Structures are given as C-alpha cells and as structure tokens.
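Data first, discussion second: the structure below is written as structure tokens.
Just so you know, these numbers use all the heavy atoms, side chains as well, and skip hydrogens, waters and symmetry mates. Please read these numbers as outputs of a predicted model, since none were measured by experiment.
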Amino acid sequence: MIGFSINLFDELDSIKVYIKKMKDAGFRNVFTTIYEPEEIKDDFLYTLRSVATFCKETDLKLMVGISKGSVREINLKLDPKTLIDSGISGLRVTHDIDNEKIAELSKYMKIAVSASHTEKEDIEEIKELGGNWDNIEAWYYYYERDEIGLSRIYLKNRNKFWDEE
C-alpha cells in the first residue's frame, strides 16, 4: 500500500483537513491504527467511524490496523459488510487475530498479515478455510533499522519466504 497515515488521537477536523490535502496531492490510500487498547480514549470509535465515512465519501481506501485487544476495547464488530459499509476497506491484523477470522474477512476485503509472524502453517490453514489469497498481503511492523532489531538477512529470508508463497 502506498499512501499516508493518520493519527486518530488528533482532532477530527484537523484529520479531515489533512486527508483532503493528501487526496489533492494524489494519494488514494489511508492507514491508521488502533493497536494499543490502553491508549484508546472514550470517543475513539466515533472518531474512527467519522474518518471511515469521510474516506468513503472522498473515494479513499482506509486500512485500519487492529489487534484483538483494541477491537474488544472499542467494541468494534469484525463483520465484513459492516466494516465495508462504514468505509473501512481493509485491516492490518496483528498475530493475535485467528486464522479463521482472517480467512473470513479476506473474502470481502484486503487483509494485511504480519510478514514476521505468519508462518507456512498459518497460510495453509487460511487457504483451507477458504481465505481469498488475492486479498491477503504481508506487511512488516518495522523497517530495516539496527535499533529495532530486524536485520537485513532476516528481511531477505522472510521476503524469500513470502515470494515463494
């Protein structure tokens, strides 16, 4: 995904101004995250829904990073029709989202799985569960930098694994 990211902790009006500016600059994809449930504020679900609606109205694809804890914390239903109707085009899932849910969601929307944590057994299970492999992408949580621990060799090996899959 080539696009830009937004922070749902910012004021809603400023988020919308930024989204409009980025769309005018030619971007078509937006990423945001709700990974950390302990950081979620009371109006978080309202902000997420408002941003999703705005992205849908402005013909932008919104990808949202989720974890099991954050979904539970804001009471977000992982129903594909509801998500798509709200303006969410895809989900970036952490490794705690089960393969059955990944397979189900991938039938309707883009799903980005962890390039570091998803193994061959997971891929086979997702396929066996009827997952749509055309809608599944592998994303890293981190970039190649010494201070975060992903070495060049590790990335080469993982990328080779994903190329083969």
Practice item. Mind checking side chain to side chain contact (heavy atoms under 4.5 Å, CB included) for Lys81 and listing every partner two or more places apart, or none if nothing turns up? Key: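 Lys81: side chain to side chain contact (heavy atoms under 4.5 Å, CB included) contacts with Asp79, Asp85.
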Point to revise | Trace of the side-chain contact (heavy atoms from CB on, under 4.5 Å) decision for Val30 with Arg28 | key: CA-CA 7 Å; Val30 184; Arg28 298 292 177 256; over 6 Å; no
Shared ILVMFWY cluster between [X] and [Y], side chains joined below 4.5 angstrom?
X: Leu129; Y: Ile111; result: no
X: Val17; Y: Leu12; result: no
X: Tyr18; Y: Ile15; result: yes

Quick one: does any side-chain atom of [X] pair with a main-chain N or O of [Y] as donor and acceptor, under 3.5 Å?
X: Lys23; Y: Thr58; answer: yes
X: Thr118; Y: Ala115; answer: no
X: Thr32; Y: Ile6; answer: yes

Review point. Would you call Leu91 and Leu83 a side-chain contact if the rule is heavy atoms closer than 4.5 Å?
Key: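 Side-chain contact under 4.5 Å: yes.
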Point to revise | Lys77 vs Asn75 side-chain heavy atoms within contact, under 4.5 Å | key: yes
Inspect the surroundings of [atom1] in [X] and state if more than 12 heavy atoms from other residues, nucleotides or ligands are less than 6.0 Å away.
X: Asp59; atom1: CG; answer: no
X: Lys107; atom1: NZ; answer: yes
X: Phe54; atom1: CZ; answer: yes

Practice item. Start with the C-alpha distance between Ile66 and Thr94, add both sets of side-chain angles, then the distance that settles side-chain contact (heavy atoms from CB on, under 4.5 Å), and finish with yes or no. Key: CA-CA 6 Å; Ile66 63 165; Thr94 55; over 6 Å; no
Review point. Which atom pair, heavy atoms only, marks the closest approach of Gly87 to Leu62?
Key: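 Distance-wise, the nearest heavy atoms are O-CB, 3.7 Å.
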Exercise for review: For residues His117 and Arg158, report the shortest heavy-atom separation together with the two atoms involved.
Suggested key: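 Distance-wise, the nearest heavy atoms are N-NH2, 4.4 Å.
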Side-chain donor-acceptor pair under 3.5 Å between [X] and [Y], yes or no?
X: Ser70; Y: Ser67; value: yes
X: Asn159; Y: Tyr154; value: no
X: Trp162; Y: Glu164; value: no

Between atom [atom1] of [X] and atom [atom2] of [Y], what is the distance when rounded to the nearest 0.5 Å?
X: Leu8; Y: Thr47; atom1: CG; atom2: OG1; result: 6.5 Å
X: Lys110; Y: Met63; atom1: NZ; atom2: CE; result: 8.0 Å
X: Tyr140; Y: Ser116; atom1: OH; atom2: OG; result: 6.0 Å
X: Leu76; Y: Ile88; atom1: CG; atom2: CD1; result: 6.0 Å
X: Arg49; Y: Ser86; atom1: CZ; atom2: OG; result: 7.5 Å
X: Asn7; Y: Thr33; atom1: CG; atom2: OG1; result: 9.5 Å

Exercise for review: With sequence neighbours excluded, give me every ring-ring contact (aromatic ring centres under 6.0 Å, His included) pair touching residues 56-84.
Suggested key: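 Applying ring-ring contact (aromatic ring centres under 6.0 Å, His included) to every pair that reaches into residues 56-84, excluding sequence neighbours, yields nothing.
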Point to revise | Residues Asn29, Leu60; criterion side-chain contact (heavy atoms from CB on, under 4.5 Å); working and verdict | key: CA-CA 6 Å; Asn29 297 292; Leu60 293 170; over 6 Å; no
Exercise for review: With side-chain contact (heavy atoms from CB on, under 4.5 Å) as the test, would you mind laying out the steps for Ile84 and Tyr108 before giving the verdict?
Suggested key: CA-CA 8 Å; Ile84 292 167; Tyr108 304 94; 3.9 Å; yes
Review point. Is there any side chain to side chain donor-acceptor pair (under 3.5 Å) pair reaching into residues 122-132, and which pairs are they, with sequence neighbours excluded?
Key: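 Qualifying pairs, neighbours excluded: Asn99-Asp122, Asn99-Glu125.
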